[in-house]
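Note that these values count all heavy atoms, side chains included, but never hydrogens, waters or copies made by symmetry.
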Amino acid sequence: AEAATMPGTVPPESMELVFFYRCPGCGRRNPLIAPTQPSMTRCESCGEPFPVMPVDERTVHYVKIMLANGRAALDPDFA
């Protein structure tokens, strides 16, 4: 409860969904922000390019709406 009274505490402005794609070369999990189109990415570790499957844009939009773009996910002790 002490943290809730901290002056200047800033709530999230918005949110993004991060999806992890495993590199077929080295196995590293690579984070991508909701890729809604088929695309290529490059592994952060080994540099190997690989194609990623897109996620459903409607589902991403739904989750953002349900969480009020991040505001509904706030810790109630800080709200």
Legend entry - Approximate separation, where rounding is to 0.5 Å, of Tyr62 OH and Leu67 CG: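 That separation rounds to 9.5 Å.
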Inset, instruction - Give a yes or no on whether the backbone of Pro51 and the side-chain of Tyr21 come within a donor-acceptor separation of less than 3.5 Å. - result: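 Checking the backbone N and O of Pro51 against the side chain of Tyr21, no donor-acceptor pair under 3.5 Å is found.
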Inset, instruction - Inspect the surroundings of CZ in Phe50 and state if more than 12 heavy atoms from other residues, nucleotides or ligands are less than 6.0 Å away. - result: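 Atom CZ in Phe50 is packed in, count exceeds 12.
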Legend entry - Other residues, nucleotides, ligands: >12 heavy atoms within 6.0 Å of Ile33 CD1: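 12 or below, so no.
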Inset, instruction - Only pairs at least two apart or in different chains count here, so list each salt bridge (charged side-chain N to carboxylate O under 4.0 Å, His left out) that has a residue in residues 32-41. - result: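 Checked against salt bridge (charged side-chain N to carboxylate O under 4.0 Å, His left out) - neighbours excluded - no pair reaches residues 32-41.
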Legend entry - Pair listing, salt bridge (charged side-chain N to carboxylate O under 4.0 Å, His left out) test, anchored in residues 45-58, at least two apart: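 Residue pairs with at least one partner in residues 45-58: Asp56-Arg58.
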Inset, instruction - Would you kindly confirm whether Leu17 and Leu74 end up in one hydrophobic cluster when ILVMFWY residues are joined by side chain heavy atoms under 4.5 Å apart? - result: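 Different hydrophobic clusters.
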Legend entry - Glu16: salt bridge (charged side-chain N to carboxylate O under 4.0 Å, His left out) partners, not counting sequence neighbours: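 Applying salt bridge (charged side-chain N to carboxylate O under 4.0 Å, His left out) to Glu16 gives Lys64.
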Legend entry - Qualifying residues under side chain to side chain contact (heavy atoms under 4.5 Å, CB included), relative to Arg29, sequence neighbours excluded: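 Partners of Arg29 by the side chain to side chain contact (heavy atoms under 4.5 Å, CB included) criterion, ordered by chain and then number, come out as Phe20, Arg22.
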Inset, instruction - With sequence neighbours left out, write down each residue that passes side chain to side chain contact (heavy atoms under 4.5 Å, CB included) with Ala68, or none if nothing qualifies. - result: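 Ala68 satisfies side chain to side chain contact (heavy atoms under 4.5 Å, CB included) with Arg71, Ala72 only.
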For a quick test of your reading: what N or O donor-acceptor pairs under 3.5 Å do the side chains of residues 35-47 make, sequence neighbours left out?
from: Arg42; atom 1: NH1; to: Gly47; atom 2: O; distance (Å): 2.8
from: Glu44; atom 1: OE1; to: Arg28; atom 2: NH2; distance (Å): 3.1

